[in-house]
Amino acid sequence: MDLLGDQAVLHSNALAGKTALICGASRGIGAATAQVMAKAGANVVVASRNEEQLKALLEQLKTLGDGQHRMLIMDLEETDSIAACVEPLLEGGPIHILVNNAGGPPGGPLLKATVDELSQPFARHLHAAHTLVKLLAPGMASANYGRIIQIVSTSVREPIPNLGVSNTLRGAMASWSKSLSRELHPSITINNVLPGFTDTERLGSLAQSIHQRTGQSIESIHEGWMNQVPIERLIDPLETASVIAFLASPAAGAIRGVSLPVDGGRLRSI
Ligand code: NAD
């Protein structure tokens with residue numbers, strides 16, 4: 001599939017004139033989202049902590065579309081410094097699209113997690129997303145266009161064994177965004193994308209941690225995962241990114257307050 005070419009979900013002007021801030025963009029689903037949105041003509045601001053990876057991504061984005069792309073070095077765990085990072089961006093005009101995304105919490109039994117191990121991911125995801133929405137929503141309302149998308153997890157619907165901190169966080173994120181969907185300006189949508197087993201570093205490190213904890217081979221861990229997924233393969237991050245870009249487009253203006261799985265059919269709930 002050439003999701004950045006002939007099979008791109010959006011035409012090359014679908015997001016023209018729109019500026020997107022994509023968090024956790026240095027790799028994985030965030031980087032793929034930056035690529036798909038650049039291809040659809042958006043001006044993309046890629047944010048993360050890793051300057052080298054962001055620079056390399058910017059070079060790629062330049063080859064994909066006609067938008068003006070920039071990078072922002074921002075640690076989402078530093079809640080108090082987020083405003084100072086983002087406010088200079090707003091001097092150039094509103095951010096129309098916000099993708100709230102960051103690395104997931106480590107695995108392990110919830111009973112073993114310390115309060116600090118809960119606080120850190122809550123800061124990185126929920127507190128950061130809340131801070132960003134408060135900063136960006138007024139500009140979205142003035143522009144009469146806003147799209148806010150969280151990258152969460154299927155654990156919103158079905159908690160995943162041994163990912164208790166993540167399960168707790170994802171439920172909170174989903175409730176937070178559903179609550180906001182009733183409060184935000186009519187021109188702003190807010191939705192969640194729930195990735196299933198997606199071929200990124202996050203999945204690789206989860207496999208490693210299961211291997212270290214149980215001794216199970218990486219191959220059999222993958223096989224166990226694939227047995228749960230009707231499409232019998234990992235999801236390409238560009239597939240997830242294509243759904244995120246669609247939700248960010250004008251065509252998705254009536255979709256508000258949903259949690260949309262992109263999981264190859266793994267969820268069993270209706
Ligand atoms: P990833 O770990 O590959 O990428 C995470 C990104 O967030 C990276 O760019 C990283 O640099 C950035 N990041 C991490 N901490 C940060 C911080 N403090 N400040 C700023 N940026 C930070 O993850 P991914 O696989 O692309 O997944 C994206 C999200 O989806 C994660 O929350 C993940 O847990 C969730 N998810 C992924 C899968 C999967 O199979 N890959 C499945 C379900 C849910």
Side-chain angles (χ1 to χ4, degrees), residues 21-36 44-58 71-82 85-86 98-107 119-129 131-132 149-174 192-210 221-222 224-226 228-229 231 233-241 243-244 259-264 266-267:
L21 171 59
I22 303 172
C23 300
S26 65
R27 60 173 195 243
I29 295 169
T33 303
Q35 292 171 321
V36 173
V44 179
V45 183
V46 286
S48 195
R49 295 159 304 173
N50 188 315
E51 189 171 354
E52 285 314 304
Q53 282 175 311
L54 289 181
K55 275 186 183 161
L57 178 61
L58 274 186
M71 66 180 198
L72 184 67
I73 307 299
M74 178 164 68
D75 186 339
L76 295 167
E77 284 177 30
E78 306 280 333
T79 314
D80 293 339
S81 62
I82 289 176
C85 287
V86 168
L98 167 65
V99 178
N100 285 312
N101 174 50
S119 303
Q120 237 184 340
F122 267 77
R124 187 164 73 239
H125 289 260
L126 185 60
H127 302 176
T131 306
L132 286 166
I149 299 140
Q150 285 63 241
I151 316 308
V152 202
S153 166
T154 53
S155 61
V156 164
R157 299 266 171 77
E158 294 174 5
I160 300 171
N162 262 303
L163 280 178
V165 173
S166 178
N167 296 338
T168 309
L169 169 70
R170 311 309 186 162
M173 288 293 288
N192 307 309
V193 164
L194 318 182
F197 296 121
T198 312
D199 196 4
T200 69
E201 282 182 36
R202 159 79 175 165
L203 201 65
S205 62
L206 276 181
Q208 276 301 335
S209 80
I210 295 171
I221 294 165
H222 273 267
W225 285 343
M226 290 310 93
Q228 301 169 43
V229 185
I231 64 171
R233 62 172 177 83
L234 292 180
I235 294 152
D236 182 333
L238 286 172
E239 293 179 277
T240 320
V243 174
I244 298 164
S259 288
L260 178 59
V262 183
D263 69 342
R266 187 173 67 86
L267 280 178

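Every number for a ligand or one of its atoms is a count from 1 in the order of the listing.
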Nearest candidate to [atom], where distance is taken over non-hydrogen atoms, out of [options]:
{"atom": "atom 36 (N) of ligand 1", "options": "V152, L206, T198, T200", "answer": "V152"}
{"atom": "atom 5 (C) of ligand 1", "options": "G103, S166, P121", "answer": "G103"}
{"atom": "atom 42 (C) of ligand 1", "options": "S153, G104, G196", "answer": "G196"}
{"atom": "atom 31 (C) of ligand 1", "options": "G28, A102, G24, S26", "answer": "A102"}

Checklist entry - Taking only residues two or more places apart in sequence or in another chain, which ones pass salt bridge (charged side-chain N to carboxylate O under 4.0 Å, His left out) with E158? => result none
Checklist outcome for this item: Across all chains, not counting sequence neighbours, the salt bridge (charged side-chain N to carboxylate O under 4.0 Å, His left out) partners of R157 are none
Checklist entry - So, does N167 use its side chain to make a donor-acceptor pair with the main chain of I160 at under 3.5 Å? => result yes
Checklist entry - Quick check: does S48 get an N/O under 3.5 Å from an N/O on ligand 1? => result yes
Next on the checklist: Between ligand 1 and P195, is the shortest N or O to N or O distance under 3.5 Å?
Outcome noted: no
Checklist entry - Is there a heavy atom in N50 that sits closer than 4.0 Å to ligand 1? => result no
Next on the checklist: Please confirm whether Q53 approaches ligand 1 to less than 4.0 Å, judged on its heavy atoms.
Outcome noted: no
Checklist entry - For ligand 1, which atoms, with element, lie under 4.0 Å from some heavy atom of N101? => result 28 (C), 29 (C)
